[in-house]
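Read through the structure below, which is laid out as structure tokens, and then see the notes.
Reminder, nothing fancy here: chain letters follow the sequence lines and each chain counts from 1. Basis for what follows: all heavy atoms, side chains included, without hydrogens, waters or symmetry-related copies.
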Amino acid sequence: MSTGKPRLRFAPSPTGYLHIGGVRTALFNWLWARKTGGTFILRIEDTDRERSTPENEAIILRDMRWLGLEWDEGPDSGGPHGPYRQMDRLPIYHEYADKLIASGAAYRCDCTKDELDAQRKALTAQDPKAQFRYPGTCRDKKLPANGDRSSVLRMRAPSSGAVTYRDLVFGEVTTPNSALQDAVLMRSDGVPLYNLGAVVDDVTMGITLVARGRDHMINTPIQILLYEALGATLPQFAHLPMMLGPDGAKLSKRHGAVAVGEYREKGIPAGGLLNYLVRFGWSHGDEEIFSVADLVQKFDWEHCGKGDGKYDPKKFAAIIFEHLKRPDLTSDEAYANGVVPFLAQRGLTDAPRAKLLAALPLVRERAQTFVEAADALDYFFRDLPVLDDKAAKKFLVADKASHLAGLRAELASAPVFEPSALEAHVVAWLAGKGLELKDVAQAARVAITGRSASPGLFEVIAVLGKDVVLARLDRAIALVAAAGA
RNA sequence: GGUCCCAUCGUCUAGUGGUUAGGACGCUGGCCUCUCACGCCGGUAACGCGGGUUCAAAUCCCGCUGGGAUCACCA
């Protein structure tokens with residue numbers, strides 16, 4: 001605050017895994033903090049004790065790190081405005097609750113939930129369309145601030161007037177106070193509810209810009225009233241449109257993967273995931289593909305859209321593929337790091353780094369995920385390729401035997417083991433026999449890769465090296481001979 | 001139902017009074033080719049409706065319709 005630099009926060013609730021909708025919110029906050037040289041804070045809102053777990057918190061932290069959305073202040077790293085876990089901040093909320101009571105902005109209410117539920121039920125029985133609102137029973141009871149623990153804290157909501165604020169994406173938003181009611185701010189057990197916890201934390205942590213999902217927009221007027229009651233400086237607000245499922249319903253598991261962890265396990269690069277998410281509600285002219293560094297430079301609030309969007313798996317796959325194809329977005333080193341765990345899953349734990357880096361370029365434009373890349377890379381790292389039955393039956397046949405033997409001899413005598421030279425060498429030999437490349441290519445491919453589809457034959461041969469290729473051809477020649485016998 | 005919000009191809013979007021309404025994904029026709037891909041060229045497809053304002057409206061205003069959010073001692 002004193003530095004004048006923006007302070008932003010992402011405040012997930014550890015009641016479940018990190019959801020990609022949440023990531024989008026985190027990303028926008030993080031981008032703005034990084035672009036402006038501000039501070040990005042991770043705050044854990046764990047006041048829902050029934051559903052919050054330390055395991056979920058650990059998952060959120062792990063996934064945020066995997067995404068590269070590092071925080072400057074947070075529950076594990078600490079910072080000058082901690083603690084960063086709401087259940088560790090209870091005394092702060094109590095202090096602010098007392099301030100609100102003292103100023104008359106809030107009061108204690110000892111109506112029980114059962115009483116209120118009964119009233120609600122009675123009302124709806126009488127008029128099904130009526131909406132129950134707290135009748136203000138305890139408004140003027142002047143219950144002691146720190147007395148009976150069975151009382152909740154309620155805000156004294158104004159019934160007239162209106163709250164207007166300027167949203168960075170939605171513009172001016174006005175809500176009449178008549179729509180408000182005396183909302184509960186703190187439970188009878190002394191744990192704050194969302195509106196109180198968020199406001200007190202945002203005030204005490206010096207948050208200058210609150211960017212969150214549009215589903216929170218309804219809370220903003222209440223929170224603004226609280227800021228005013230506390231005499232605190234208002235932050236700016238930016239609400240982000242919703243990301244829905246392909247059918248327009250709330251994005252959920254039945255639409256596919258929603259947990260960040262699932263994307264990692266499927267071999268999705270983090271940068272690609274972020275690229276897809278940023279395009280949800282933000283644009284930069286016709287540009288679609290961005291590195292994280294691009295985004296830090298280009299992101300702004302002016303070009304955030306207001307309309308909700310639907311998640312599109314096809315578009316998602318296309319953006320991911322783009323990141324996987326382009327070395328400027330996923331460097332060879334990063335690609336290698338990304339694919340290594342999936343090679344390990346196939347038992348290929350000792351793939352030599354140099355060979356991996358040499359083989360990668362052949363696979364990039366053929367793999368939509370690191371999982372597919374590991375599959376495409378498989379035969380580079382086995383002594384002998386796993387032969388695909390159908391491919392072998394079709395192409396490793398008797399009438400190819402002499403071609404394979406001839407190819408073996410040509411490769412054995414090839415002066416340079418480099419793709420274009422190899423191709424020229426082989427094509428020349430074939431031409432002498434009145435043959436074309438396609439007459440031997442598939443048989444050779446199956447012999448060398450075990451499959452009927454692969455990157456360019458000579459590129460593969462060059463990466464594998466002469467000894468390996470000759471050995472594989474020898475095995476195939478032997479197989480053909482055995483089958484013919 | 002109350003309150004708030006939104007509305008351009010199927011999807012993500014560009015567009016801020018004058019454009020043949022652009023791009024991307026998808027779908028599709030073709031080219032390239034040792035297989036599979038990549039790539040390249042082309043096609044398909046949108047301003048929800050109705051009123052205004054204006055010489056001129058996808059762009060501004062109003063209404064309608066449609067969609068979403070929210071109305072807990074969840075966040």
Pairwise P distance, B:G50 and B:A37 [rounded to whole Å]: 46 Å
Touch class at under 4.0 angstrom, heavy-atom based, for A:Y311 against every strand present: nothing
Short side-chain N/O contact to B:U35 OP1/OP2 from A:S452, under 4.0 Å: no
Sugar-phosphate, base or nothing in reach of A:L457, heavy atoms under 4.0 Å: base
N or O in side chain of A:K306 less than 4.0 angstrom from B:G68 OP1/OP2: no
A:R120 side-chain N/O to B:A72 phosphate OP1/OP2 under 4.0 Å: yes
Touch class at under 4.0 angstrom, heavy-atom based, for A:G197 against every strand present: nothing
Sugar-phosphate only, base, or nothing, as touched by A:D439 at under 4.0 Å among non-hydrogen atoms: nothing
Touch class at under 4.0 angstrom, heavy-atom based, for A:C304 against every strand present: nothing
Atom-to-atom span, CZ of A:R154 to C1' of B:A72 - whole angstrom: 10 Å
Given B:G39, B:U13, B:U11, the nucleotide with the shortest approach to the side chain of A:K325: B:G39
Counterpart base for B:C4, defined by Watson-Crick or G-U wobble contacts under 3.5 Å: B:G68
B:U44: pairing nucleotide in any strand, Watson-Crick or G-U under 3.5 angstrom: B:G26
Anti/syn call for B:C31, syn if |chi| within 90°: anti
Gap between atoms CE and P, on A:M242 and B:C6 respectively (whole Å): 14 Å
Nucleotide opposite B:C60 in a Watson-Crick or G-U pair, distances under 3.5 Å: B:G52
Sugar-phosphate, base or nothing in reach of A:S178, heavy atoms under 4.0 Å: nothing
Integer angstrom distance from the C1' of B:G68 to that of B:U35: 49 Å
Nearest-Å distance for atom pair CG/C1', residues A:L180 and B:C4: 12 Å
Donor-acceptor pair between A:N195 and A:Q223 side chains, under 3.5 angstrom: yes
Length of the CG-P vector between A:L123 and B:G2, whole Å: 16 Å
Geometric class of the A:F299/A:W301 ring pair [parallel <30°, tilted 30-60°, perpendicular >60°]: perpendicular
Under-4.0 Å side-chain N/O to phosphate OP1/OP2 contact, A:R133 with B:G2: no
Among B:C34, B:A37, B:G2, the one nearest A:Q131 by side-chain distance: B:G2
Complementary nucleotide for B:U35 - Watson-Crick or wobble, under 3.5 Å: none
Member of A:L387, A:L404, A:D388 meeting the side chain to side chain contact (heavy atoms under 4.5 Å, CB included) criterion with A:V446: A:L387
Between A:D439 and A:H403: side-chain donor-acceptor atoms closer than 3.5 Å: no
Nucleotide-resolved protein contact map, nucleotides 16-30 of chain B, B/S/- at heavy-atom distance under 4.0 Å: ------BBBSS----
Gap between atoms NE2 and P, on A:H425 and B:C34 respectively (whole Å): 18 Å
Given RNA chain B, 5'-ward residue of the pair A:F132 and A:Q368, judged by closest heavy atom: A:Q368
Quiz item: cation-pi between A:R166 and A:F237, 6.0 Å / 45°: no
A:A453 side-chain proximity, nearest of B:C34, B:C4, B:U35: B:U35
Distance in angstrom units between A:F290 CZ and B:U13 P, rounded: 12 Å
Which nucleotide in B:C38, B:C34, B:C36 has an atom nearest any side-chain atom of A:R366: B:C36
Sugar-phosphate only, base, or nothing, as touched by A:H284 at under 4.0 Å among non-hydrogen atoms: nothing
Residue-phosphate contact under 4.0 Å: A:T47 side-chain N/O, B:A75 OP1/OP2: yes
Of the listed nucleotides B:U3, B:C34, B:A69, the one nearest the side chain of A:T175: B:U3
Sugar-phosphate only, base, or nothing, as touched by A:S454 at under 4.0 Å among non-hydrogen atoms: base
P-based separation of B:G18 from B:U13 [nearest Å]: 23 Å
Touch class at under 4.0 angstrom, heavy-atom based, for A:P455 against every strand present: base
Nearest-Å distance for atom pair CG/P, residues A:N195 and B:U70: 13 Å
Proximity to the side chain of A:R445 - top-ranked nucleotide from B:C5, B:U35, B:C73: B:U35
d(CD, A:Q442; P, B:A37) in whole Å: 12 Å
Sugar-phosphate only, base, or nothing, as touched by A:V173 at under 4.0 Å among non-hydrogen atoms: sugar-phosphate
